[in-house]
Amino acid sequence: MRLRLFLRRLTVSAPRMAVRSALPWPLRWLALAVVFGFCAALALWAFEFGKTIAGIDGGSRQQLQQALAQLQSLRAEQVTLKQARDQAQSIANTADTLLTTQRAAQETLQAQVRQLELDNQSLREDLGFFEQLIPATGAAGIAIRGLQAELRDGREIKWQALVMQSLKNAPEFSGRIELTFAGSTNGKAWSLTPAASAQAFRIRQYGRLQGIFQVPAQVSVKLVTLRVLDGTQVKAVQSVKL
């Protein structure tokens with residue numbers, strides 16, 4: 001009987017057995033902590049070994065810090081250069097504006113100088129004209145001095161003359177002028193005294209008279225005659241050829 005029970009325990013049909021450890025729980029936690037510490041130490045060793053392989057050691061950290069400091073210095077220098085550039089651009093814009101204003105002012109001055117030169121030339125011509133028209137000494141009454149006539153573009157005649165009283169402090173003279181234009185047309189003699197040329201005028205010492213005459217078509221004017229009239233009496237006559 002005992003042999004059968006012993007053999008039964010050795011076969012598959014033997015009853016289940018539970019193996020329990022007799023190790024206490026504090027020791028189990030201590031063993032687990034030792035395992036975790038070993039794993040952490042191994043991970044830290046792997047990390048340091050990896051940094052060594054990658055070249056990130058103490059010297060590399062110092063170089064990295066220096067590189068960061070240099071980068072910050074370059075950024076600060078960039079800001080300074082940008083400010084200097086903006087200031088230089090502002091100065092350049094101001095200089096450009098001043099240069100444009102100076103050029104405009106210079107062009108205006110040049111235009112004024114040209115106009116003054118033209119006015120000066122005109123005054124010189126007028127002075128020469130008046131100097132030639134000074135009346136002769138001892139002459140009396142009304143005189144016509146320097147009658148001038150100029151044909152322009154073959155279409156009009158510009159004339160001018162100076163009417164003077166020879167005596168100083170003479171009373172005011174009131175009269176009129178009359179112009180006669182003579183020439184030829186189609187091979188025939190031609191003359192005309194336009195009614196529009198009769199101009200009334202008053203002078204005390206002298207007066208400058210001028211006007212423009214439109215030449216008729218197919219007419220060639222050769223002579224211009226100016227008369228000064230006091231009513232119907234001719235006081236002075238002068239002619240000029242073209």
How many angstroms lie between [atom1] in [X] and [atom2] in [Y], if you round to the nearest 0.5 Å?
X      : Y      : atom1 : atom2 : answer
Leu179 : Leu147 : CG    : CG    : 7.5 Å
Arg202 : Phe173 : CZ    : CZ    : 10.5 Å
Ser174 : Asp230 : OG    : CG    : 8.0 Å
Arg208 : Gln160 : CZ    : CD    : 4.5 Å

Nearest heavy-atom neighbours spanning [X] and [Y]:
X      : Y      : answer
Phe201 : Ile177 : CE2-CG2, 3.4 Å
Pro171 : Gln165 : O-NE2, 2.9 Å
Gly231 : Arg176 : O-NH2, 3.3 Å
Ala236 : Ala143 : CB-CA, 4.3 Å
Pro194 : Leu192 : CD-O, 3.5 Å
Arg152 : Ile212 : NH2-CD1, 3.6 Å

I need the full list of ring pair (Phe, Tyr, Trp, His ring centres under 6.0 Å) pairs touching residues 211-242, with sequence neighbours left out, sorted by first then second residue. Phe181-Phe213

Sequence neighbours left out, what pairs pass ring pair (Phe, Tyr, Trp, His ring centres under 6.0 Å) with at least one residue falling in residues 74-102? none

Would you list the atom pairs, donor with acceptor, under 3.5 Å between side chains in residues 92-102 and any protein atom, with sequence neighbours excluded?
unit_1	atom_1	unit_2	atom_2	d
Asn93	OD1	Gln89	NE2	3.3
Asn93	ND2	Gln89	O	3.2
Thr94	OG1	Ser90	O	2.9
Thr97	OG1	Asn93	O	3.0
Thr100	OG1	Asp96	O	2.9
Thr101	OG1	Thr97	O	2.9

Mind running side chain to side chain contact (heavy atoms under 4.5 Å, CB included) on Tyr206 and Arg145 for me, showing each step along the way? CA-CA 10 Å; Tyr206 64 88; Arg145 298 293 177 181; over 6 Å; no

Going by atom type alone, with no hydrogens or angles, which donor-acceptor pairs under 3.5 Å involve a side-chain atom of residues 104-114 and a protein atom two or more places apart or on another chain?
unit_1	atom_1	unit_2	atom_2	d
Thr108	OG1	Ala104	O	2.9

Under the side chain to side chain contact (heavy atoms under 4.5 Å, CB included) rule, what do Leu74 and Gln78 come out as? Steps first, then yes or no, please. CA-CA 6 Å; Leu74 290 175; Gln78 181 183 8; over 6 Å; no

Quiz: residues 214-229 side-chain donor-acceptor pairs under 3.5 angstrom, not counting sequence neighbours:
unit_1	atom_1	unit_2	atom_2	d
Gln214	NE2	Glu156	OE1	3.3
Ser220	OG	Lys222	NZ	3.4
Thr225	OG1	Ser239	OG	2.9
Arg227	NH1	Thr180	OG1	2.9

What pairs with Gln205 under side-chain contact (heavy atoms from CB on, under 4.5 Å), at least two apart in sequence or on another chain? none

Do Arg85 and Leu81 have side chains that get closer than 4.5 Å, going by heavy atoms? no

Sub-4.5 Å side-chain heavy-atom contact between Glu178 and Val234: no

